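Okay, structure first, notes after.
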Amino acid sequence: MAESKRKSLWNLIRAKSTAIRNFKDVTKEAGHRRTASDGDAVIPRRRSDLPTEFTSDRRRPRRPGANGKGKGRDYEIHRHDPGPLTDWPPSGMSSEEELSLAQAMQLISRGAPAFRGHRRPIPHAPDHCYTLYATVAGNHGDDTDAANLHDAMTQLMTLRKEGSGYANYPWETFEQPSYAFCFGKRAGTITLNHWVSLASVIPPSIPLRDSGVAPREITLDRIFERLQELERGLEDDDEDLMYKNLYRRLLRDPDKYLSPHKTLDKQITDLIMVLSRPDWIDFTLPKNQVATKFIYDNSLANAPTYHKFFHQLLLSVELDLRINSGLHLAEAKEKLVAQIPPSIQWNLALARRWRENIRVDRIGEQPDQIRLRFKLQKRQVRMLKRFIQMMKWPNLSETIACLKQHEAQGTLTGHISSHAMAFFSGLILPGTTFPFLIMNSLVDIDPDRATDDLALLTHIHPHCGFQYRGSYTYWTAASIVGKVLAPTCLSIGGWVGPARPTVHLDRAQIARIRQRKPPARSQTVTPEDVKTMNDRSDPLGPPAEVFPVKEYELVAPKMDEDEDYDYDGYLTDLVRIEMLHLRPSNANDSKHSITSGATSSDNGPKWFDASIHFAIDGNSWPLRLTFDVNFVHAWPCSDGPHPLFFDYVYESVRADKLVHVRDWNGVYGGINSSLDGSGMIHGGPKSFGLGSNGLGGGSKKGSNIMSAGGRTTTATDHTGQDQDNERVLVVEAFGVPDNEVLARAWCAHWGLSAVVADISKTCMACAIREAYAAALTVVILVDDEQKVENKDE
């Protein structure tokens, strides 16, 4: 009984940590405990291609031993001030002490985020297809790593499958990966969940088999009559009326005489069968996801398409209302929606947007006789005004004046463009279309003729941007240029800007950016990584009976140790952005290894290779933005700083010395690189990408490399046994935003994604642990709080 009570108490205390997960197994190993000196070989933590004996435990094995000093000792943890730690061990505690689980949780894990991965199967898909997610808990308060959807103007990029409001979990949305958990709080970043979700294996859209069930013929006026009736809700309280409205108007009941389909489950099945016909519009295809392009043209020439769209919409609304009927239990709804094929789910998403945002004002027999009322229009007008102002649009005053004129005349949804109609009506499918809808609406409303050259922005090619009037450039948040330049810009509505102009584009010109997939050997998330995420990033390390104090250390940036650093003033003016360089790419080279999808047969805007030139201590350093990497916003912690377990290996480097780091952890198959105290690299027979001009070549084994201080050192060899290929490079990018831009550009140059942590919200130890959780090997540290203080002074 005592053992049961103790186990229950520890479960409550430990919460999300994994130390208790294997506690029973550990306690059976009498006399076994873990010390920092157990062996010299580090057991790898992640890779699925490692020997099987290393997959069950991620760090050093525990050695058998007698009862150690301090084991079982009743330590009064309450005598320590519960405030932030300033020293380790804390005052009054010896480094030879060993903590119990409760004591370790209080001193080490309190307020530290715990990362957990999830793998979920995809209905109607093969076993090798799955979706991956990450959830985080443990820190106090409601602060997360995700941007506020309203402030980021991205609330229409996501749609919850069941219920109203925003999703509580990423698997609850129609779009996958979920855009409710996509954008990080820091410009140009994504959340940990979105990074993990990018590794999901989602099958391509498969056309549904023709069910052979055809709907009844119906006229356009009857379609809108029924849509108008459904604005008041479904008649699910009158079974006979609900049956009559469905089967006399829209469907045929094959069992009307023997067993009429009066129950909701049978009607739902019939509607799914009808919507499974291949002749309907397939909204899973990106080319069809601007839904208003089918109804913007209300002329007689487009009447068949107009009729087909609203016929499909009506059947989808009927299905959506039946699925969300109050007669169903919430669990039954969730299971039903999860089993519905993707093409039908997108029909449900369209129906939901229609029900939420649009009303029928006038019914007619022809498309030009129909009048609709858009509930969301005023809010969308305010959103676009705010977007124009925050983006510092070069033609701001004239554009806002033209917007007000269109609003007064009531021509925002029918006389500008299909993109403007979608934006102002709110008939927007969740996913990647919204950023292009808001930007194309702005471009279409701007009266300047120069915007005619910006008319080919499309979500089919999301890695793009443009220059307008030679004043600013604007980039999508999905483009590598936008991700890298984001620290100097704002990120709203899926766009990054206003960014610095470039001499390599005309005054008004679109640029599609060629960006390649990161190297095969760079860190990527695997299902095994997701499964073991909690174990690999536990603040306490592997499960154990006791936790020696000497196995942990309090880590912090090395600013105070560097005489060149002035922490209060951030004397870090050695890095400045010189220019954004865009070079037209060779179309023949864009047929492979590219995430942008460029081919030599593309017509329209040109493709470019991007690079950024930096001035560092009087020298010019160009870095190519070659790879489509991502930057993960670190989850905030509380009660920090937290101690770091000794087996989380890292090395630190200042941003202005980062250009000397090449082929970090041997991404390109070379021997691992490392840093000495001055930021100099060692090793690496192959350092691709940096040469005499900073963009190609590299150092050879034993070659002399010039350090930032002007002295030369000889690169030495390091074998796989000498180096941990999962060690984390911590880049201290404090000071001006150009330092962070340099760190991001370096990552894009080498193909390494990174965790970006604001040191005032996430301690260095938690940022390093999140890098281990995300299978990343770079952490970029910034300090927004110090910047604000300096500005106030």
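Since the structure is predicted, the reported quantities are computational estimates derived from the model, not experimental observations.
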Does any non-hydrogen side-chain atom of [Y] lie less than 4.5 Å from one of [X]?
X: K185; Y: T189; result: no
X: R536; Y: F115; result: no
X: V730; Y: V778; result: no
X: F734; Y: N739; result: no
X: V136; Y: L192; result: yes
X: P527; Y: V530; result: no
X: N630; Y: L198; result: yes
X: Y648; Y: V728; result: no

Nearest-0.5 Å distance, [atom1] of residue [X] to [atom2] of residue [Y]:
X: L85; Y: H642; atom1: CG; atom2: NE2; answer: 8.0 Å
X: D538; Y: T532; atom1: CG; atom2: OG1; answer: 12.0 Å
X: F645; Y: I768; atom1: CZ; atom2: CD1; answer: 14.0 Å
X: E553; Y: E551; atom1: CD; atom2: CD; answer: 12.0 Å
X: D639; Y: R110; atom1: CG; atom2: CZ; answer: 4.5 Å
X: E334; Y: Q339; atom1: CD; atom2: CD; answer: 11.0 Å

Side chains of W635 and N139, donor plus acceptor under 3.5 Å: yes
Short side-chain donor-acceptor distance under 3.5 Å, S200 and T131: no
Test side-chain contact (heavy atoms from CB on, under 4.5 Å) applied to S652 and E732, step by step: CA-CA 7 Å; S652 298; E732 298 177 4; 3.9 Å; yes
Salt-bridge present (E331, K335; N to O < 4.0 Å): no
Residues forming a side-chain contact (heavy atoms from CB on, under 4.5 Å) with A152, sequence neighbours excluded: A147, T154
Flag if over 12 foreign heavy atoms under 6.0 Å of CG, N168: yes
Over 12 non-hydrogen atoms of neighbours within 6.0 angstrom of CD in E175: yes
Nearest heavy atoms of [X] and [Y], plus distance in Å:
X: C747; Y: I780; answer: SG-CD1, 4.3 Å
X: A477; Y: K483; answer: O-CG, 3.6 Å
X: A104; Y: F547; answer: CB-CD1, 3.8 Å
X: I108; Y: P539; answer: CG2-O, 3.8 Å
X: T191; Y: V632; answer: C-CG1, 3.9 Å
X: W746; Y: V659; answer: CD1-CA, 4.4 Å

Residues M533, Y772; criterion side-chain contact (heavy atoms from CB on, under 4.5 Å); working and verdict: CA-CA 8 Å; M533 180 182 294; Y772 274 83; over 6 Å; no
Passing option when Q515 is tested against D628, D609, T626 for side-chain hydrogen bond (donor to acceptor under 3.5 Å, both in side chains): D628
Check: [X] side chain, [Y] main-chain N or O, donor-acceptor pair, under 3.5 Å:
X: S197; Y: L132; value: yes
X: H459; Y: P286; value: yes
X: R160; Y: G165; value: no
X: W750; Y: D663; value: no
X: W475; Y: H463; value: no
X: S479; Y: T476; value: yes

Derivation of the salt bridge (Lys or Arg N to Asp or Glu O under 4.0 Å) call for E172 and K161: CA-CA 6 Å; E172 294 178 347; K161 291 181 180 179; over 6 Å; no
Audit row: E740, R186, salt bridge (Lys or Arg N to Asp or Glu O under 4.0 Å) steps and yes/no: CA-CA 12 Å; E740 184 181 352; R186 192 169 189 81; 2.7 Å; yes
Worked check of side-chain contact (heavy atoms from CB on, under 4.5 Å) between L99 and L107: CA-CA 9 Å; L99 304 176; L107 275 178; 4.1 Å; yes
side-chain contact (heavy atoms from CB on, under 4.5 Å) between N193 and T135, intermediate numbers included: CA-CA 7 Å; N193 171 77; T135 55; 5.9 Å; no
Cation-aromatic face contact R119/Y130, 6.0 Å, 45 degrees: yes
Validation row, ring centre F646 to ring centre Y552 under 6.0 Å: no
Identified side chain to side chain contact (heavy atoms under 4.5 Å, CB included) partner of R769 from the options C637, C763, P113: P113
Residues in ring pair (Phe, Tyr, Trp, His ring centres under 6.0 Å) contact with Y133, at least two apart in sequence or another chain: W171
